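For reference, the structure discussed in these notes is given below.
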Amino acid sequence: MKALRTTTRGRCWTFGDNIPTDRLVKTKYVVEPMEVIVQHVLEDLNPRFPLDVAPGDVVVAGKHFGQSSGRAIAVKALRATGVGCVVAETFARTFYRNAFEVGLPVLELPGVTDLVSDGDVLIVDVAGGLFRNETTGVERAVPRPDAFLLDMLEAGGLIALARSRPELFEDQRR
Amino acid sequence: MVEKILARASGRRSVQPGDVVVAEVDLLIMHDLSGYLTSRVFDEQVGGEVRHPERVAMVFDHHFSPPTEDAAAMLEANRAWARRTGVHLLDCGNGNIHHAVVQRGLVRPGAIVVGSDSHTPVHGTLGALAVALGNDSHAGTVLPYGKAWFRVPETVRVELVGTPPPGTTARDVALWLVGRIGEGGLIYAAVEFAGPYVKELGFWDRWLFPLLCVDLGAKCSFVEPDEVTEAFVAGLPAGAPDRLERGDGGEASTVLRFDVGEVAPQVACPPTVGNLADVPAVAGRPVQWAELGGHAGGRLEDFRAAAAVLRGRRVHAGVRFNLVPSSREVFTQALQEGLVLALHEAGATWFPPSTGSNQAYNMGAMAPGESMISTHARNFPGRNGSPDASMYLAAAPTVAASAVTGTITDARELR
């Protein structure tokens with residue numbers, strides 16, 4: 001179970017710095033059904049992406065990925081494309097939070113944009129703290145996210161975690 | 001201050017940066033879109049009762065009047081959900097989500113405020129811990145338990161000193177800071193705005209600083225409560241607070257100091273908020289739309305500034321100058337001060353209190369090649385219609401001066 005959720009192997013899709021959630025899911029699609037949204041993810045930046053992305057693929061981006069609106073739908077749409085992990089130099093914090101909450105593995109790795117090209121085959125293990133570019137042989141160890149975040153990821157997201165462990169959210173201020 | 005608030009709300013004696021805590025939430029705010037998405041997740045994946053409906057407010061601000069059948073149906077679904085769960089409902093026309101809940105007295109100093117709108121941290125202006133969370137946080141833990149999880153952030157204090165030259169407003173200083181610190185420059189930080197420049201500003205000018213922290217990548221932002229905060233809160237419906245949460249000055253791990261003494265009026269150019277220029281560097285670019293409104297604008301201060309620029313002048317024939325009050329209270333005051341008539345007669349158009357053209361729900365969609373200059377908080381391509389339209393962000397005097405000439409204009413040139 002753990003390996004399924006936090007490890008992925010797939011082709012690399014690269015994007016730049018400061019990509020806003022608006023460009024993942026445009027405003028005009030936010031209340032559409034997911035089967036519509038998923039056909040338009042990141043289409044303005046790379047029209048091939050929604051057509052060719054395959055399960056397990058890895059999105060690699062620069063700094064401050066997922067800035068702008070806090071819409072969780074942007075993360076859900078990326079997960080719905082089958083992407084196995086997003087690796088970025090840094091993430092906007094609402095995007096980072098949303099990713100763990102909806103069960104999409106993400107990894108912060110400074111300098112990652114210099115380690116990859118479009119189409120490289122990557123292996124990323126978020127829980128194990130490992131990033132590997134199979135095409136070039138480059139490998140990096142990465143600090144693991146906080147245990148609470150990993151618990152959430154392994155549970156399948158925040159709602160699943162709260163269902164399985166409601167005591168975490170019951171009143172501590174008795 | 002953030003650490004004190006999180007410790008109290010999580011029932012701990014103290015917390016440290018990096019700790020993950022589950023804390024009691026005092027207010028969840030949702031607008032018509034985030035409310036729709038959150039209520040669907042809650043009904044479909046969580047279910048049950050909303051534990052503290054009095055701590056939840058839904059504000060219809062992207063719409064002031066649904067322009068389509070689908071939008072009308074969405075608002076009706078939201079109304080039905082609000083009635084069923086008993087949460088506060090501020091229907092179309094009350095204003096922009098953040099301004100409206102402040103004007104209603106729903107935000108208190110020292111409170112924990114959450115919302116999925118990314119500008120939720122703006123409530124740190126009142127000395128609240130205000131954080132933007134996702135829809136699954138709200139649906140999964142805030143609605144059923146009244147709780148949310150937080151990682152305790154490091155505090156970075158941004159001290160602003162100096163007095164900017166005449167013609168430079170607080171909005172210009174705030175935009176300039178995004179350029180100086182850089183988008184994503186303070187990821188995960190709690191940003192405290194301090195220093196004599198900030199402390200001498202009135203409440204609604206201070207507001208422009210916590211507003212920008214999302215562009216810096218910060219988790220939250222605040223201005224430590226003082227006599228300005230206390231006087232402002234005392235004038236709201238809920239009255240003066242029982243106590244003001246104050247820091248002990250010891251939390252900041254980093255202090256950044258900026259002298260604002262030579263900041264010129266600013267314009268954020270496409271494609272992002274951090275792409276800043278001094279107004280003279282971009283003056284002369286044509287605009288077809290100008291707007292005072294949005295999370296950063298539509299304040300009384302903006303309409304006063306625009307009226308001063310438009311006195312004895314008219315809006316250019318090639319420009320639609322749209323005015324969107326941030327709240328009903330602002331519109332009332334604008335009426336009483338004569339600003340509504342003055343700006344109407346100068347050729348500007350008033351719209352109902354709302355979030356204005358943000359994301360073009362009611363208004364403000366642009367065709368390819370069109371340009372807008374506004375007080376809004378965002379300028380990403382495609383946000384208001386065509387990705388081939390351009391959005392510029394500026395202070396109210398620059399927006400008004402550009403509306404007069406039809407090109408981006410330095411208001412100081414119109415003196």
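Keep in mind it's a predicted model, so treat the numbers as computed, not measured. Every chain is numbered from 1 and lettered A, B, ... according to where its sequence line falls, protein lines coming before strand lines.
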Examine whether an atom of [X] lies under 4.5 Å from a heavy atom of chain B, and if so say whether it belongs to the side chain, the backbone or both; otherwise answer neither.
X        : value
A:Tyr96  : side chain
A:Glu89  : neither
A:Lys76  : side chain
A:Leu149 : side chain
A:Gln67  : side chain

Open item on the list: Quick check on B:Ala377 against chain A: is it the side chain, the backbone, both or neither that has a heavy atom closer than 4.5 Å?
Closed with: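 The answer is neither part of B:Ala377.
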TODO: Could you look at B:Ser34 and say if it's the side chain, the backbone, both or neither that has a heavy atom under 4.5 Å from chain A?
DONE: neither
Please identify, among [options], the residue contributing the most non-hydrogen atom pairs under 4.5 Å to chain B.
options                             : value
A:Ala162, A:Ala92, A:Pro20          : A:Pro20
A:Glu108, A:Lys28, A:Lys63          : A:Glu108
A:Thr90, A:Thr94, A:Val75           : A:Thr94
A:Leu161, A:Thr21, A:Val30, A:Asn98 : A:Asn98

What distance do [X] atom [atom1] and [Y] atom [atom2] have between them, rounded to the nearest 0.5 Å?
X        : Y        : atom1 : atom2 : result
B:Glu183 : A:Asp17  : CD    : CG    : 9.5 Å
A:Ile73  : B:Leu33  : CD1   : CG    : 11.5 Å
B:Tyr188 : A:Phe91  : OH    : CZ    : 7.5 Å
A:Leu158 : B:Trp149 : CG    : CH2   : 8.0 Å

- [ ] Determine whether A:Val31 and B:Asp70 make a side-chain contact, defined as any pair of heavy atoms from C-beta on separated by less than 4.5 Å.
- [x]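 The answer is no; the side chains never approach within 4.5 Å.
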Task: SB check A:Glu170 B:Arg51 (cutoff 4.0 Å) - done: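 Yes, this pair counts.
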- [ ] Identify which one of A:Met152, A:Glu101, A:Arg97 satisfies the side-chain contact (heavy atoms from CB on, under 4.5 Å) criterion when paired with B:Asp136.
- [x]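 Per the side-chain contact (heavy atoms from CB on, under 4.5 Å) rule, the option paired with B:Asp136 is A:Glu101, out of A:Met152, A:Glu101, A:Arg97.
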Open item on the list: Counting only heavy atoms from other residues, nucleotides and ligands, does the tally under 6.0 Å from NZ of A:Lys26 exceed 12?
Closed with: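 Counting neighbours around NZ of A:Lys26, more than 12 heavy atoms of other residues, nucleotides or ligands fall under 6.0 Å, so yes.
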Task: Polar side-chain atom of A:Arg93 near backbone of B:Ala189 as donor-acceptor pair, under 3.5 Å - done: no
